[in-house]
> 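What follows is a single structure, and I will ask about it in a moment.
Read the numbers this way: they start at 1 and go in the same order the structure lists the ligands and their atoms. In what follows, every heavy atom counts, from backbone to side chain, and hydrogens, waters and symmetry copies are set aside.
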Amino acid sequence: MLIVQKFGGTSVGDLERIQNVANRVSKTKKQGNDVVVVVSAMSGETNKLISYAEHFSQTPSRAEMDMLLSSGERVTASLLAIALNEMGHDAVSMTGRKAGIVTDSLHTKARIEEIDPTTMRAALKEGKIIVVAGFQGVSLDGNVTTLGRGGSDLSAVAIAGALEADLCEIYTDVSGIFTTDPRIEPKAKKLEKISYDEMLELASLGAKVLQNRSVELAKKLNVNLVTRTSFSEEEGTLITKEENIMEQPLVSGIALDKNQARISLMGVKDRPGIASEIFNKLAQSEVNVDMIIQNKAHDETTNIDFTVPKGDLHDAKAVVDAFIQTGDIKDDSYNEDICKVSVVGVGMKSHTGVAAKAFSAMASENININMISTSEIKISMVIDEKYAELAVRSLHSIYNLDK
Ligand code: ADP
Ligand code: ASP
Ligand code: MG
C-alpha cells in the first residue's frame with residue numbers, strides 16, 4: 001500500500017515526540033508499505049513566528065510572512081528525516097517546491113493549482129521514505145507560499161490525491177472526530193465514521209481538527225481519510241461518502257468558531273446595487289464574509305451586519321472606510337468579542353423543529369442570540385464569546401449527543 005501520514009504540531013511538539021513519529025513511520029514502512037510523511041511545524045512555532053513579525057509591523061508583507069512561516073515545517077521535516085536515517089531507513093525531506101506543489105500567488109492563503117509528483121514518484125521507486133514539509137508550496141513565479149492556517153492537512157490530502165495513495169492518515173492529539181471538541185465537552189463521543197459533507201461543515205464552522213479545504217479536496221478526489229491519534233494505537237474516525245454510512249443521526253456534531261468578528265454598517269444608502277458594491281469590494285480584498293443581516297432603518301437607509309474571520313478585519317475596515325468617505329455608509333462599528341456556534345447534521349434535511357431546539361438550548365442558559373443562519377444541514381448562531389463553551393455544552397446535551 002501507499003500511505004500518506006500527516007503529523008500535526010503536537011505530534012511533533014518536541015524531540016522525543018519526533019522520535020515517536022519516526023518509530024511509527026518506521027513500523028509502517030517495515031510492514032511493506034510505501035510511506036510519504038507530511039509534517040507540521042512543532043506546536044506553537046507558527047504562532048511564535050507570527051509574533052516575531054508583529055514585533056516589527058502590524059501589516060507585514062504577505063510574501064515575507066510566507067518566507068518566514070514556511071520555515072517552521074522545514075525544521076520538522078529535516079529532523080524527522082535525520083531520525084529515520086539514523087534508524088537505518090533511506091529517508092529524504094522535501095520542501096513544498098521539491099514535492100512539486102504549485103500554488104497561485106495569494107500569499108498566506110494560497111490555493112494549490114497542481115502537483116507534479118515526478119520527484120516524489122522517483123524517490124518512492126528507490127524505496128525512500130519521503131518527508132514533506134506541510135503547509136507550503138511554490139507559486140508559478142517561484143515564490144514560497146503557504147496554504148492558510150492548518151494547511152498541512154491540505155498538503156497531505158493533495159499529495160495523497162496526486163500519488164493516488166491508498167490511505168491518508170491525519171495524526172493529531174485527539175483520537176478522532178468527536179461529536180464536539182472533547183476539550184470543551186469531555187462527554188463528547190468519538191464517531192466511527194462521518195460523511196465528507198458533514199465533516200466539511202464542521203471544519204468550515206470552526207472544528208479545527210481538519211482544515212476545511214483539506215476535506216473539500218478529499219471529497220473531490222475521493223481520498224480515504226482517517227483521523228487518529230499519534231499517542232496510541234487507538235482506531236480513529238473514517239471520513240467517507242455519505243452512502244457508506246448506514247445510520248444517519250439527526251445531528252452529528254456541534255462546532256465552535258471563536259475566530260469571528262462582527263461588522264455593523266449603519267446608515268447605508270438604500271439603493272439598488274449598494275450591497276453588490278460593498279461585498280464585491282470585500283471579495284476583491286480577499287475578505288471572507290460569512291453571515292449577513294440587512295435591516296431597514298427608519299429613513300432612506302439600511303443597516304447591514306456581517307461576520308468575517310478576525311484575521312480579515314483589517315482589510316475589511318479599509319474597504320468600509322472607502323464607502324464612508326464617499327458617504328454611502330454613515331457609520332460603522334466592530335465587535336471581536338463574539339463567537340459562532342453551529343449544529344451540523346445531514347439528518348436535519350428531513351426533520352422539522354431542529355432549529356427551534358437549538359434556540360431553546362440558548363434560552364435555557366439565558367444566552368442572547370445575535371445572528372442566525374441556517375442551511376439544509378446546519379444551524380449557526382452568533383452569540384457573545386463569553387458564553388461559547390456553555391453554549392456548546394448546552395447544545396451537545398439537548399441533542400443527546402452524549403448518549
Ligand atoms: P494538529 O496540530 O494535529 O493539526 P489541531 O490543533 O489543528 O491539531 O486540531 C486538533 C484539535 O481539534 C483537538 O485538540 C481538538 O481540541 C480540536 N477539535 C475541535 N473540534 C473537534 C472535534 N469535533 N473532534 C475532535 N477534535 C476537535
Ligand atoms: N503550522 C501551520 C499552522 O499552524 C500549518 C499546520 O499546522 O497545519 O497553521
Ligand atoms: Mg491542524
> Hey, is Gly134 one of the residues with a heavy atom under 4.0 angstrom from ligand 2?
no
> Looking at CZ of Arg24 and CG of Asn20, how far apart are the two atoms once the value is rounded to the nearest 0.5 Å?
7.0 Å
> What distance separates Lys219 NZ from Leu225 CG, expressed to the nearest 0.5 Å?
14.0 Å
> Flag yes if more than 12 heavy atoms outside Glu86 fall under 6.0 Å of its CD atom; otherwise flag no.
no
> Please report the interatomic distance CE(Met42) to CG(Leu15), rounded to the nearest 0.5 Å.
5.0 Å
> Is there a polar contact between ligand 1 and Pro182, counting only N or O atoms under 3.5 Å apart?
no
> Counting only heavy atoms closer than 4.0 Å, does ligand 1 sit against the backbone of Lys208, its side chain, both, or neither?
both
> Using a 4.0 Å heavy-atom cut-off, say whether Ser43 meets ligand 1 through its side chain, its backbone, both or neither.
neither
> Tell me which protein heavy atom sits closest to atom 27 (C) of ligand 1, plus the residue, atom name and distance to 0.1 Å.
Val209 CB, 3.6 Å
> If we only count heavy atoms from C-beta on, is the Met266 to Ile329 side-chain gap below 4.5 Å?
no
> When you compare ligand 2 with Gly150, is there at least one nitrogen or oxygen pair between them that comes in under 3.5 angstrom?
yes
> Based purely on interatomic distance, does Thr46 place a nitrogen or oxygen under 3.5 Å from a nitrogen or oxygen of ligand 2?
yes
> Say whether Gly72 and ligand 2 are in contact under the criterion: heavy-atom distance to a ligand atom below 4.0 Å.
no
> Note the single closest protein heavy atom to atom 16 (O) of ligand 1, along with its residue, its atom name and the distance in Å.
Asp181 OD1, 2.8 Å
> I need the nearest protein heavy-atom contact for atom 7 (O) of ligand 2: residue, atom name and distance, please.
Ser40 OG, 3.1 Å
> Strictly below 4.0 Å, N to O, side chains only: are Glu235 and Arg228 in salt-bridge contact?
no
> In the protein, which heavy atom is nearest to atom 2 (O) of ligand 1, and how far is it?
Gly9 N, 3.1 Å
> Is ligand 1 under 4.0 Å from a heavy atom in the side chain of Lys6, in the backbone, in both, or in neither?
side chain
> Give me the residue, atom name and distance of the protein heavy atom closest to atom 3 (C) of ligand 2.
Arg149 NE, 3.4 Å
> Quick check: does Asp173 get an N/O under 3.5 Å from an N/O on ligand 1?
yes
> With the threshold set at 4.0 Å, does a side-chain nitrogen-carboxylate oxygen contact exist between Asp312 and Lys109?
yes
> When you measure from the centre of the six-membered ring of Phe178, is the NZ or CZ of Lys189 closer than 6.0 Å and no more than 45° off the axis?
no
> How far is atom 8 (O) of ligand 1 from its nearest protein heavy atom, and which residue and atom name does that atom have?
Thr172 OG1, 3.1 Å
> Check each atom of ligand 2 against the heavy atoms of Ser152 and keep those under 4.0 Å away; list them by number with element.
5 (C), 6 (C), 8 (O)
> Going by heavy atoms, is Glu73 under 4.0 Å from ligand 2?
yes
> Look at atom 20 (N) of ligand 1 and find which of Ser40, Gly150, Ser252, Ala207 reaches it with the closest heavy atom.
Ala207
> Got a sec: does the NZ of Lys296 have more than 12 other heavy atoms crowding it under 6.0 Å?
yes
> Step through the shown structure and confirm whether more than 12 heavy atoms of other residues, nucleotides or ligands are within 6.0 Å of CD on Glu54.
yes
> Is there a heavy atom in Leu202 that sits closer than 4.0 Å to ligand 1?
no
> Below 4.0 angstrom from a heavy atom of Gly176, which ligand 1 atoms are there? Numbered from 1 as shown, please.
24 (N), 25 (C)
> How are the rings of Phe279 and Phe306 set to each other: parallel, tilted or perpendicular (split at 30° and 60°)?
perpendicular
> Asp153 versus ligand 1: do any nitrogen or oxygen atoms come within less than 3.5 Å of each other?
no
> Under 4.0 Å from a heavy atom of Phe178: give me the atoms of ligand 1 that qualify, with their elements.
22 (C), 23 (N), 24 (N), 25 (C)
> Is it true that atom NZ of Lys98 has more than 12 heavy atoms of other residues, nucleotides or ligands lying nearer than 6.0 Å?
no
> Number the atoms of ligand 1 from 1 as they appear, then name those within less than 4.0 Å of a heavy atom of Val174, with their elements.
13 (C), 14 (O), 25 (C), 26 (N)
> I'd like to check Ser232 versus Thr229 (side-chain heavy atoms, cut-off strictly below 4.5 Å). Are they in contact?
yes
> Any ion pair linking Lys340 and Asp290 (charged N to carboxylate O, less than 4.0 Å)?
yes
